[in-house]
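To start, the structure under review is shown below, and the notes come after it.
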Amino acid sequence: MRIAVITLVAGRHRHLALQQRGLVRGTRQPDHYVVVAMNDPDATDVLRGRLPAADTVAVPRTDEGGLPLAAARNAGARRALNAGADLLVFLDVDCVPGPDLLARYADVAEDGALLCGTVAYLPPPPDGGYRLDELPRLAPPHPGRPAPSEGEVLTGGDHRLFWSLSFAVTAATWRRIGGFCEDYTGYGGEDTDFARTAAARDVDLWWVGGAPAHHQYHPVSRPPVEHLDDILRNGALFRGRWGEWPMEGWLRDFARLGLVSHDIRTDSWHRLETADTARSGPYG
């Protein structure tokens, strides 16, 4: 089985470098490492001369300046499939693979299954940065997702819990799902849409034990006010496609901050004028 690892990058070069180090130390290394650089030409310099050798795909930002996450994942998949990949493994740039992640995904992969491993959110790195051997001891798997034991696979998973931090599909399954909907741009919604499409096309969700990834720390804002416009736009797109709003927790948080309002009659969310002020506040 020819395995391709696909990751997207727009900055966070130290995170990218540690991911590359994690891949080369795996019990099963990728046959093809595709790095999709979203308006990030400097990523090539970070990767050059190191193993696994990276195949960099350049993708520009959208006209609005947002990150084209859906289109970038599709571009990475196209490059991998054109090179003969049998299994596509997607890793967020912040994620460092455990040593058995690729081997485990390859062992359990089947057509018609969407595979998700566990992800542990790491604390801030110590002086000198993270040490690969110490990552498993720094944090447990995220409590909001199933965490099967090593050697265990939980089938029949809830597609609403899918996340794109670490997942794998066979080439045939990718084609069956059809990739990510490129109408989504910027933050949020495209991965929820991908999972909903997978469910609609009878692709089961499997939680795979023994395929851990470790998410490197970076500051976040809660709620993500800097992505307010993206969430409203992508949320409306999702509702138009599936009849309900995604990311409702964020929308309710925005409402409590006086940034958005919900029209019950039309089931629509609207940005309020106070949102401009809030964007320069503590969540900006």
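Numbers here are sequence positions counted from 1. No hydrogens, no waters, no symmetry mates; every other heavy atom, side chains included, goes into these values. Quick caveat: nothing in here was measured; it's all calculated off a predicted structure.
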>> Quick test of your reading: applying ring-ring contact (aromatic ring centres under 6.0 Å, His included), list the pairs with at least one residue in residues 8-48, sequence neighbours left out, ordered by first then second residue.
In response: none

>> To the nearest 0.5 Å, what is the distance between CD on Q19 and CG on L47?
In response: 9.0 Å

> Any ring-ring contact (aromatic ring centres under 6.0 Å, His included) pairs touching residues 67-118, not counting sequence neighbours?
Replying inline: F90-F167, F90-W174

>> Test of understanding: clusters of I, L, V, M, F, W, Y form through side-chain heavy atoms closer than 4.5 Å, transitively. Do L154 and L205 belong to the same one?
In response: yes

>> Please check this pair: side chain of D86 against backbone of R2, looking for a donor-acceptor N/O pair closer than 3.5 Å.
In response: yes

> Taking C-beta and beyond as the side chain, do P223 and L251 meet within less than 4.5 Å on heavy atoms?
Replying inline: no

>> How close do Q20 and V46 get, counting heavy atoms only, and between which atoms?
In response: OE1-O, 4.3 Å

> How close do L67 and A10 get, heavy atom to heavy atom, and via which atoms?
Replying inline: CD2-CB, 3.8 Å

>> Whether the side chain of R176 engages the backbone of R201 through a donor-acceptor N/O pair (distance < 3.5 Å, no angle test) should be reported.
In response: yes

> With clusters built from Ile, Leu, Val, Met, Phe, Trp and Tyr whose side-chain heavy atoms come within less than 4.5 Å, directly or transitively, what are the remaining members of the cluster of L122, listed by chain and number?
Replying inline: L18, V96, Y130, L132, L135, L138, Y217

>> Any side-chain to backbone donor/acceptor pair from D100 onto G210? Under 3.5 Å, distance only.
In response: no

> With distance as the sole test, does D204 use its side chain to make a donor-acceptor pair with the main-chain N or O of G156 at under 3.5 Å?
Replying inline: yes

>> If I take atom CD from residue E152 and atom CH2 from residue W206, how far apart are they, to the nearest 0.5 angstrom?
In response: 13.5 Å

>> Run D94 and R12 through side-chain contact (heavy atoms from CB on, under 4.5 Å) and show every step you take.
In response: CA-CA 8 Å; D94 299 319; R12 295 193 188 154; 2.8 Å; yes

> Can you check whether Y187 reaches P224 side chain to side chain, under 4.5 Å on heavy atoms?
Replying inline: yes

>> Taking T185's backbone N and O only, do any of them form a donor-acceptor pair with R233's side chain (distance below 3.5 Å, no angle check)?
In response: yes

> Minimum heavy-atom separation for A198 to L114, with atom names?
Replying inline: CB-CD2, 4.2 Å

> When you check the side-chain N and O atoms of D111 and T170, is any donor under 3.5 Å from an acceptor?
Replying inline: yes

>> Are the side chains of D193 and E190 in contact, using a 4.5 Å heavy-atom criterion?
In response: no

> So, for P68 and V59, which heavy atoms are closest and what is the spacing to 0.1 Å?
Replying inline: CG-CG1, 3.8 Å

>> Checking the side chain of N74 only, and the main-chain atoms of F180 only, is there a donor and an acceptor separated by less than 3.5 Å?
In response: yes

> Listed by chain and number, what are the ring-ring contact (aromatic ring centres under 6.0 Å, His included) partners of H262, not counting sequence neighbours?
Replying inline: W269

> Which heavy atom in V89 sits nearest to a heavy atom in A168, and how many Å separate them?
Replying inline: CG2-CB, 3.9 Å

>> With a 4.5 Å cut-off on side-chain heavy atoms, are P99 and R25 touching?
In response: no

>> Could you list the cluster mates of Y184? Members are the ILVMFWY residues connected by side-chain heavy atoms closer than 4.5 Å, either directly or through other members.
In response: L237, F238, W242

> Are any of the side-chain heavy atoms of L161 and P146 separated by less than 4.5 Å?
Replying inline: yes

>> Taking L81 as the starting point, is it possible to reach L8 by hopping between hydrophobic residues whose side chains are less than 4.5 Å apart?
In response: yes

>> Is it the case that the side chain of E182 and the backbone of A70 share a donor-acceptor pair, with hydrogens and angles ignored and the cut-off at 3.5 Å?
In response: no

>> Rounded to the nearest 0.5 Å, what separates atom OH in Y121 from atom NE2 in H215?
In response: 4.5 Å

> How far apart are the C-alpha atoms of F162 and T192, what are their side-chain angles, what is the distance that settles it, and do they pass the side-chain contact (heavy atoms from CB on, under 4.5 Å) test?
Replying inline: CA-CA 7 Å; F162 170 80; T192 308; over 6 Å; no

> Does one hydrophobic cluster hold both M38 and V9, with members joined at side-chain heavy-atom distances below 4.5 Å?
Replying inline: no

>> Working to the nearest 0.5 angstrom, can you tell me the gap between L165 CG and T118 OG1?
In response: 11.0 Å

>> Going by salt bridge (Lys or Arg N to Asp or Glu O under 4.0 Å), name the residues that satisfy it together with D42, two or more places apart in sequence or in a different chain.
In response: none

> Is a salt bridge present between D107 and R104, judged by a nitrogen-to-oxygen distance below 4.0 Å?
Replying inline: no

> When rounded to the nearest 0.5 angstrom, what is the spacing between CG in L115 and OG1 in T155?
Replying inline: 11.5 Å

>> So which atom in L69 and which in G186 form the shortest heavy-atom distance, rounded to 0.1 Å?
In response: CD1-O, 3.7 Å

>> Membership question, hydrophobic clusters at under 4.5 Å side-chain separation (ILVMFWY): are I6 and V119 in the same one?
In response: yes

> Would a 4.5 Å heavy-atom cut-off, applied to side chains only, mark S164 and R73 as touching?
Replying inline: yes

> Same hydrophobic cluster for V34 and L23, using side-chain heavy-atom links shorter than 4.5 Å among ILVMFWY?
Replying inline: no

>> For R131, is there an ion pair with D133 - N to carboxylate O distance below 4.0 angstrom?
In response: no

>> Is there a side-chain contact (heavy atoms from CB on, under 4.5 Å) between R241 and C181? Walk through the geometry before answering.
In response: CA-CA 11 Å; R241 285 168 57 83; C181 174; 3.8 Å; yes

>> Please verify the inter-ring angle class for W163 with W207; under 30° counts as parallel, over 60° as perpendicular, anything in between as tilted.
In response: perpendicular

> If you count the non-hydrogen atoms of other residues, nucleotides and ligands that lie under 6.0 Å from CD in E150, is the total more than 12?
Replying inline: no

> When rounded to the nearest 0.5 angstrom, what is the spacing between OG1 in T27 and CG in L102?
Replying inline: 7.5 Å

>> Other residues, nucleotides and ligands only: do more than 12 of their heavy atoms fall within 6.0 Å of CZ on R160?
In response: no

> What do the steps show when you test R239 against S268 for side chain to side chain donor-acceptor pair (under 3.5 Å), and what is the final call?
Replying inline: CA-CA 9 Å; R239 186 189 181 281; S268 57; over 6 Å; no

>> Quick check against the 3.5 Å criterion: does T197 have a side-chain atom that pairs as donor or acceptor with the backbone of I177?
In response: no

> Under the side-chain contact (heavy atoms from CB on, under 4.5 Å) criterion, do R196 and E244 qualify, and how do the steps go?
Replying inline: CA-CA 11 Å; R196 179 64 68 88; E244 61 185 22; 2.4 Å; yes

